[in-house]
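Below is one structure, written out as structure tokens, with a few remarks after it.
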Amino acid sequence: QYTSMFDEMIADKLAEGGGIGLAQSVMRAFGEDDRQSLSSEQAGTGVGGGMPLPQRTAPSPVTPPMQGLKGATAKLAHAAYAISAPEGGKQWAREGTLTTRDLASQIETQSNKGTQHFAVDEAGGYTDAFKCNLFAFEAARRAGFAVPVINRDSGYGFPTSNSVTSDAQDGSLRGNWADVVSPQQVPQLRDKLERGEVAMMLTGSGTDGRHGHMAVVEKIHDVQFDEHGQVSRIEFDGYEARQDGAQHLTRRSWNLKGHGEDSKLARNGFGQIQMLALRPSATPQTPEIRLSEAIDRGRGKTP
């Protein structure tokens with residue numbers, strides 16, 4: 001807190017004095033004419049022509065991870081925050097546009113269109129598309145956990161929440177990129193998260209033609225099951241990419257269709273809810289697992 005106050009005071013003093021006068025020196029070094037002035041909105045007005053200072057922006061609405069997180073739990077939460085805070089999480093909104101900075105995988109594939117990179121430009125940078133799966137998988141990828149990718153004509157991309165939830169319903173996942181948490185493992189799950197022994201995400205399937213959903217988990221408060229042993233309600237803290245952007249939520253609740261209270265924080269109507277424990281990648285620089293190749297090698301289920 002003290003150092004941040006110091007930085008803010010220095011910035012205020014620089015702004016009052018018009019910067020530190022480096023603008024002309026930099027321009028001369030690159031051969032620019034000194035008479036080419038900066039616009040009044042960008043340039044300082046102090047002696048010697050102030051160096052342009054970055055515009056102050058409003059603080060990101062996405063809050064940092066909760067304090068006290070450890071190990072794998074903290075790594076995933078901090079990765080989710082890192083891809084949210086720079087733009088305030090708005091790039092992950094349904095109307096937001098993602099760029100190669102947001103989906104930074106270097107994985108490539110060959111198609112009839114030639115060499116294709118990660119499909120970030122699909123649908124205009126995914127504008128007008130739900131991005132919860134992209135957000136959760138990108139956070140996991142940057143944190144060094146294994147993530148699944150599928151091959152499309154426009155390049156590799158992450159699978160949808162509906163397909164992941166359906167894949168997990170028999171207790172395993174194609175490519176073995178994560179472990180499906182069973183009801184018997186839930187009592188120890190909360191302690192494992194607190195000790196940082198596990199990184200976890202949630203995936204849910206939509207009903208009545210709705211999209212599913214995915215989230216990054218920091219802490220679990222409560223898990224309830226139906227008569228079939230399926231998760232009927234879960235209350236947790238974590239990160240999600242929602243329709244209006246990425247958010248850090250506390251005591252968020254997901255419910256199966258017909259379960260749970262009717263509130264603004266409750267997402268009622270899931271067909272299934274699955275808890276996934278991520279696996280650290282043996283190659284953190286290239287953590288993508290190509291599902292088609294995993295199937296070919298016999299490491300996963302058939303489609």
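Count residues from 1 along the sequence. The figures here come from the full heavy-atom set of this structure, side chains too, leaving out hydrogens, waters and symmetry mates.
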Kindly indicate whether the side chain of [X], heavy atoms from C-beta on, has any atom under 4.5 Å from the side chain of [Y].
X	Y	answer
E218	P65	yes
T286	I107	no
E87	R101	yes
Q230	Q274	yes
P148	I289	no
L193	K219	no

Centroid-centroid under 6.0 Å between Y239 and W92 rings
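No, the ring of Y239 stays outside the 6.0 Å limit from the ring of W92, centre to centre.
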
About how many Å separate [atom2] of [Y] and [atom1] of [X], when rounded to the nearest 0.5 Å?
X	Y	atom1	atom2	value
F270	R210	CZ	CZ	7.5 Å
F158	N133	CZ	CG	8.5 Å
F137	T203	CZ	OG1	7.0 Å
H211	Q243	NE2	CD	10.0 Å
R174	I150	CZ	CD1	7.5 Å

Between [X] and [Y], which heavy-atom pair has the shortest distance, and what is it?
X	Y	answer
L189	V198	CD1-CG1, 4.2 Å
G212	S161	C-OG, 3.1 Å
S105	E288	OG-OE2, 2.6 Å
R195	E197	NE-OE2, 2.7 Å
L278	L76	CD1-CD2, 3.9 Å
Y156	V149	CD2-CG2, 3.8 Å

Could I get the full list of side chain to side chain donor-acceptor pair (under 3.5 Å) partners for [X], not counting sequence neighbours?
X	answer
E194	none
Q185	S182
E138	R141, R142

Does [X] reach the main-chain N or O of [Y] with its side chain, forming a donor-acceptor pair under 3.5 Å?
X	Y	result
K131	G96	yes
D191	Q188	no
T283	Q285	no

Stepwise, does the side-chain contact (heavy atoms from CB on, under 4.5 Å) test hold for V180 with L276?
CA-CA 5 Å; V180 181; L276 308 179; 4.0 Å; yes

Testing H248, R252, Q247 one by one against E240 for a side chain to side chain donor-acceptor pair (under 3.5 Å), which residue passes?
R252

Quick check on side chain to side chain donor-acceptor pair (under 3.5 Å): which of T165, T160, D167 does S163 satisfy it with?
T160

Could you please spell out the steps behind the side-chain contact (heavy atoms from CB on, under 4.5 Å) verdict for V186 and M275?
CA-CA 9 Å; V186 169; M275 298 177 288; 3.4 Å; yes

Walk me through whether W177 and V164 qualify under side-chain contact (heavy atoms from CB on, under 4.5 Å).
CA-CA 11 Å; W177 55 272; V164 173; 3.9 Å; yes

With ILVMFWY side chains joined below 4.5 Å, transitively, what does M66's cluster contain besides itself?
L69

Answer yes if F130 and F135 sit in the same cluster of Ile, Leu, Val, Met, Phe, Trp and Tyr residues linked by side chain heavy atoms under 4.5 Å apart, and no otherwise.
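Different clusters: F130 never reaches F135 through Ile, Leu, Val, Met, Phe, Trp or Tyr contacts under 4.5 Å.
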
Who pairs with F145 by ring pair (Phe, Tyr, Trp, His ring centres under 6.0 Å), at least two apart in sequence or on another chain?
none

Name the orientation class of the two ring planes belonging to H213 and W254 (parallel below 30°, tilted from 30 to 60°, perpendicular beyond 60°).
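Tilted.
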
In this structure, which one of T207, D226, I234 forms a side-chain contact (heavy atoms from CB on, under 4.5 Å) with L256?
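When T207, D226, I234 are each tested with L256, the side-chain contact (heavy atoms from CB on, under 4.5 Å) holds only for D226.
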
Any salt bridge (charged side-chain N to carboxylate O under 4.0 Å, His left out) involving residues 175-190? Give me the pairs, sequence neighbours left out, ordered by first then second residue.
D179-R279

Does D237 pair with R251 as a salt bridge, N-O distance under 4.0 Å?
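Here D237 does not pair with R251 in a salt bridge, since their nearest N and O are not under 4.0 Å apart.
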
Ion pair E235/R233, N-O distance below 4.0 Å:
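Yes, charged N to carboxylate O under 4.0 Å.
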
Is there a side-chain contact (heavy atoms from CB on, under 4.5 Å) between V231 and V223? Walk through the geometry before answering.
CA-CA 7 Å; V231 176; V223 183; 4.2 Å; yes

